[in-house]
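Before any comments, here is the structure.
Heavy atoms only: backbone and side chains are in, while hydrogens, waters and symmetry mates are out. Here the structure is a predicted model, which means the values were calculated and not measured.
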Amino acid sequence: VQLQAYGGGQVQAGGSLTLTCVYPRGLFSSYPLAWFRQAPGKERELVAAISWSGERAIYADPVLGRATIDRHNQRDKMILLMTKLVPDDTAVYYCAAGSHLDWNPDAYDYWGQGTQVTVSS
């Protein structure tokens with residue numbers, strides 16, 4: 001496993017959660033990174049993505065204003081801070097690395113194992 005995601009768990013609606021993705025030293029420092037999520041019976045969808053430099057980020061509309069993506073290349077990790085969580089945020093969250101910043105999961109070649117986030121009302 002080249003990317004490892006952790007930090008998921010059970011949260012009450014309105015709460016916050018920080019997900020972390022780590023990878024081997026320097027392996028993905030020059031790659032765009034992303035967080036995707038997949039709920040049962042639904043397709044995998046982008047949550048947020050960040051350029052290799054961290055200067056550019058994109059967010060899906062459902063999390064806009066509630067999510068912050070950041071990366072720390074010197075520490076070989078990326079984080080996703082989610083606030084004001086709602087039950088619709090319940091999903092398995094995956095981190096991924098790709099060749100370019102994109103909404104499409106097919107643009108990402110490397111994936112972590114996923115971490116479950118469950119938001120209860």
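A donor and an acceptor atom, one from each side chain of Arg75 and Asn73, are nowhere located under 3.5 Å apart.
No donor-acceptor pair closer than 3.5 Å links the side chain of Asp76 to the backbone N or O of Tyr23. Between the side chain of Arg71 and the main chain of Ser51, a donor-acceptor pair closer than 3.5 Å is present.
Within a 6.0 Å sphere centred on OH of Tyr31, other residues, nucleotides and ligands contribute 12 heavy atoms or fewer.
Taking the six-membered ring where the residue is Trp, Phe28 and Tyr110 present tilted rings, their angle falling between 30° and 60°. Note on ring orientation: taking the six-membered ring where Trp is involved, the planes of Trp111 and Phe36 are tilted (angle from 30° to 60°).
Counting only heavy atoms from C-beta outward, the side chains of Trp52 and Ser29 never approach each other to under 4.5 Å. Counting heavy atoms from C-beta on, the side chains of Tyr93 and Val47 come closer than 4.5 Å. Ile50 places a side-chain heavy atom less than 4.5 Å from the side chain of Met78.
Exactly one of Leu80, Val92, Thr115, Val63 qualifies for a side-chain contact (heavy atoms from CB on, under 4.5 Å) with Arg37. That residue is Val63.
For His100, the side-chain hydrogen bond (donor to acceptor under 3.5 Å, both in side chains) test picks out Asp102, with sequence neighbours left out.
Both Leu33 and Val117 belong to a single network of hydrophobic side chains, linked directly or stepwise wherever heavy atoms of I, L, V, M, F, W or Y lie under 4.5 Å apart.
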